[in-house]
Amino acid sequence: MKLNQVKYNDVTVVTIKGDVLDASVVGDFKNEMTPILKSEYHVVFDMSNVEFVDSSGVGAILSCLRTLNAEGGDLKICSLTKPVLALFELVRMHKIFDIFENKDLAVGSFS
Amino acid sequence: MKLNQVKYNDVTVVTIKGDVLDASVVGDFKNEMTPILKSEYHVVFDMSNVEFVDSSGVGAILSCLRTLNAEGGDLKICSLTKPVLALFELVRMHKIFDIFENKDLAVGSFS
Amino acid sequence: FNDDLTCVAVRIGKTPAEKQGTEMRILLNSDLRELERGRRFVREAAGILPNNRMAAESVSQLQLAVTEAITNIIEHAYGGEGGNKIEVVAESYAEGIQIALHHWGVAVDPSTVPPPVFDGSSEGGFGMFIISNSVDFVGYSTDEQKRNTILLIKNSKK
Amino acid sequence: FNDDLTCVAVRIGKTPAEKQGTEMRILLNSDLRELERGRRFVREAAGILPNNRMAAESVSQLQLAVTEAITNIIEHAYGGEGGNKIEVVAESYAEGIQIALHHWGVAVDPSTVPPPVFDGSSEGGFGMFIISNSVDFVGYSTDEQKRNTILLIKNSKK
Ligand SMILES: Nc1ncnc2c1ncn2[C@@H]1O[C@H](COP(=O)(O)OP(=O)(O)O)[C@@H](O)[C@H]1O
Ligand SMILES: Nc1ncnc2c1ncn2[C@@H]1O[C@H](COP(=O)(O)OP(=O)(O)O)[C@@H](O)[C@H]1O
C-alpha cells in the first residue's frame with residue numbers, strides 16, 4: 001500500500017496506488033492515513049487505480065470519513081472503477097459519501 | 001397403476017388410482033388406456049388422487065387427448081392437486097387442456 | 001464403486017438414510033422403479049436440518065427436478081439399459097439443498113437441446129425445461145474419469 | 001490433509017491450477033495475504049470452460065464473495081490465528097460456478113448474524129450481506145468431522 005498525496009490549496013488528494021483495498025492491506029492503509037487525517041481537513045480519495053475493494057476497505061474509508069467529520073473536516077471520493085462503485089451501491093455507501101466522477105469535480109466541491 | 005372407470009351417460013370418468021404418474025408407471029397407464037380410448041369418445045380424467053406427475057405423465061395425458069381428438073372425441077381433466085396443477089401451468093398445458101375443479105363440472109362440460 | 005455406498009442404498013428403504021453430517025448419499029440402479037426412492041431421498045434431505053424450513057412446494061419442485069434428471073440419465077445417458085449406477089449426493093443447508101447426480105453414461109450438452117414446444121403437438125422434450133424451472137441452479141459437467149454430474153440447487157426461501 | 005493438495009497449492013501460483021476435469025482445488029493458509037490467490041483461483045475457474053461465458057461483472061462478484069468468505073474464515077472461524085487451512089474447491093459448469101470453502105474452525109449460524117447498519121455509523125458487519133448479494137446461493141454447513149463448508153453458487157447468466 002502506497003498513498004500518493006497532492007495538495008490543491010486546502011484540499012489534499014490522496015491517490016491509492018495499489019489496485020486492491022482488501023483485508024490484507026487495510027491495516028497498512030489505515031496506518032498510512034493516520035498522519036494525513038491528523039494534519040488535513042479536506043481530503044479527496046482518488047480511487048481510479050483501485051479495481052477491487054472488499055467490506056473491510058469500505059469500512060476503512062468510512063472510518064476516515066468519520067475521523068474527518070469529527071474534526072469538522074470532510075472526505076470526498078472520486079474516480080471509482082465499475083466494480084468498486086457496484087460495491088459502494090450494494091452497501092448503500094453512495095448515500096453516505098459524496099462521490100465524484102473525477103478529481104477536479106471532487107476538489108472543486110470543497111470551494 | 002389401476003384405472004377406475006365410471007360412465008355418466010356418454011361420458012367416461014377415468015380415475016387414476018395411484019398417487020404417482022411418472023416414467024415408471026406411464027407405460028402401464030398407456031396400456032390400460034388403450035382399450036378405453038378405442039371404445040370411448042368423451043373422457044374425463046379424475047386426478048384427485050395423483051400427487052405427483054412428471055413430464056412423461058404429462059406427455060401420456062397429452063397423447064390421450066390427441067388420440068381422442070383424432071377420432072372426434074375429447075378429454076377433460078379435473079381435480080388436479082396443487083403440485084400437479086403447478087406442473088401443468090409450468091409446461092403451459094393449462095392452455096391445451098380443459099381443466100375443471102371437480103368431476104361434475106368436467107362431466108357437465110360435455111353436454 | 002465401494003460397498004459402503006451399496007450398503008447405504010440398501011438400507012435407505014427401511015431406516016433414515018445414512019447421514020454424514022448434513023450429507024446424504026444413495027446409489028440407484030438405472031431402473032425407472034428407482035424414481036420413488038429418489039423422491040424419498042429428497043424428502044429426507046429436506047428434513048435433515050431442524051431449521052431447514054423448506055416449503056412443501058419447494059420440496060415438490062426439487063423432487064420433480066430429481067425425477068426428471070434420473071429419468072433422463074436412465075433413458076438417455078444409459079440408453080434405457082439396466083445394470084448401470086446413479087449416485088445421488090445431497091448436501092443440506094439451512095439456506096437450501098444441493099443435489100449432485102453422478103452417472104457414467106453419455107454426457108449431454110444442454111446448450112444443444114432445443115426448447116420444448118408448448119402447443120400440444122409434442123409429447124416429449126419437457127424434461128430439461130422442467131428441471132431448469134424447478135430449481136435455482138442446474139449444471140452439467142463431466143470429469144476426466146468420464147463421471148458426469150448433474151448438479152441441482154434449490155433455495156429454501158423462494 | 002494429503003500432500004497432493006499442498007502440492008496443488010504450491011503450484012497454482014506459477015502454472016494454471018491443477019485441473020481434474022472441471023474441478024479445481026487449492027489449499028490456502030489462514031493468512032490474509034492469501035486473498036489475492038483466492039481471487040486468482042476464481043478467475044481461473046471462470047476461464048476453465050471454453051463455453052463458460054461468465055460476464056466479467058459476475059466474475060468480480062464471485063471474487064468479492066470469496067474474498068469476504070475467506071476473510072471471515074480467517075478472522076472469525078480461526079480467530080485470526082495463522083497456521084490453519086482453508087480448502088477451496090471449484091466446480092465449473094457452462095451454467096455457472098460452484099465454490100466450496102472448507103475450514104475446521106468455529107462454525108457460524110448465519111441466522112444469528114444481524115443485518116448490516118447502512119447509516120454510516122458502523123464500519124463492519126457488511127461481509128455476510130455482501131456474500132449473499134453477490135452470488136445466487138450461499139449455504140453454511142458442518143459435517144460430523146467438524147469440517148465446515150461455505151458453499152457459493154454463481155450463475156453464468158444473470
Ligand atoms: N442426462 C442426459 N444424458 C444424455 N442426454 C440427455 C440427458 N438429458 C437430456 N438429454 C437429451 O436431451 C433431450 C431432451 O431431454 P428432455 O428435455 O428431458 O426431454 P425428453 O427426455 O422428453 O426427450 C433428450 O431427448 C436427450 O437427447
Ligand atoms: N465463517 C465464519 N465463521 C465464524 N463466524 C463468522 C463467520 N462469518 C461471519 N461470522 C460472524 O458473523 C459476524 C458478521 O460477519 P460479517 O457480516 O462478515 O461482518 P464482519 O466480518 O465485518 O463482522 C462476524 O462478526 C462473526 O461474528
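Below, all heavy atoms of this structure are taken into account, side chains as well, without hydrogens, waters or symmetry copies. The chains referred to below are lettered A, B, ... by the order of the sequence lines, with proteins before strands, and numbering in each begins at 1.
Heavy-atom distances place no part of D/Asp31 under 4.5 Å from chain A, backbone and side chain included. Contacts of A/Ile61 with chain D are absent, with no heavy-atom separation under 4.5 Å from either backbone or side chain. For chain D, the nearby parts of A/Val91 are the backbone and the side chain; heavy atoms of each come within less than 4.5 Å. Proximity to chain A is limited to the backbone of D/Ser122, based on heavy atoms less than 4.5 angstrom apart. For a residue to count as touching a neighbouring chain, one of its non-hydrogen atoms must lie under 4.5 Å from one of that chain's; by this rule A/Phe97 does not touch chain D. Interface remark: A/Val53 contributes backbone atoms only to the contact with chain D (heavy atom separation under 4.5 Å).
Residues D/Ser134 and A/Leu90 have side chains in contact (heavy-atom distance under 4.5 Å, counting atoms from C-beta outward). Between A/Ser56 and D/Glu75, every side-chain heavy-atom pair lies at or beyond the 4.5 Å cut-off.
The distance from atom OG of D/Ser60 to atom CD of A/Glu51, rounded to the nearest 0.5 Å, is 8.0 Å. The distance from the CD atom of D/Glu57 to the NZ atom of A/Lys82 is 5.5 Å, given to the nearest 0.5 Å.
Scanning all heavy atoms of the two residues, the minimum distance from D/Gly120 to A/Ile96 falls at N-CD1, 3.7 Å. When all heavy atoms of A/Asp54 and D/Leu64 are compared, the closest pair comes out as CA-CD1, 3.9 Å.
For A/Glu89, the CD atom is densely surrounded, since the number of other residues' heavy atoms within 6.0 Å is greater than 12. Annotation: A/Lys7, atom NZ; neighbour count of heavy atoms from other residues, nucleotides and ligands within 6.0 Å is above 12. Residue D/Asp119 places its CG atom among more than 12 non-hydrogen atoms of other residues, nucleotides or ligands, all under 6.0 Å distant.
When each of D/Phe126, D/Phe118, D/Phe129 is scored by its heavy-atom pairs under 4.5 Å with chain A, the top score falls to D/Phe118. Ranking A/Ser63, A/Ala86, A/Pro83 against chain D, the residue ahead of the rest is A/Ser63, based on heavy-atom pairs under 4.5 Å.
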*I would like to know whether D/Glu34 and A/Ser24 meet side chain to side chain contact (heavy atoms under 4.5 Å, CB included); could you show each step before the answer?*
CA-CA 8 Å; D/Glu34 297 279 61; A/Ser24 70; over 6 Å; no

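Salt bridge A/Asp22/D/Arg39: present, at least one basic N to carboxylate O contact under 4.0 Å.
The main-chain N or O of A/Ser55 is found under 3.5 Å from a side-chain atom of D/Glu68 such that the two form a donor-acceptor pair.
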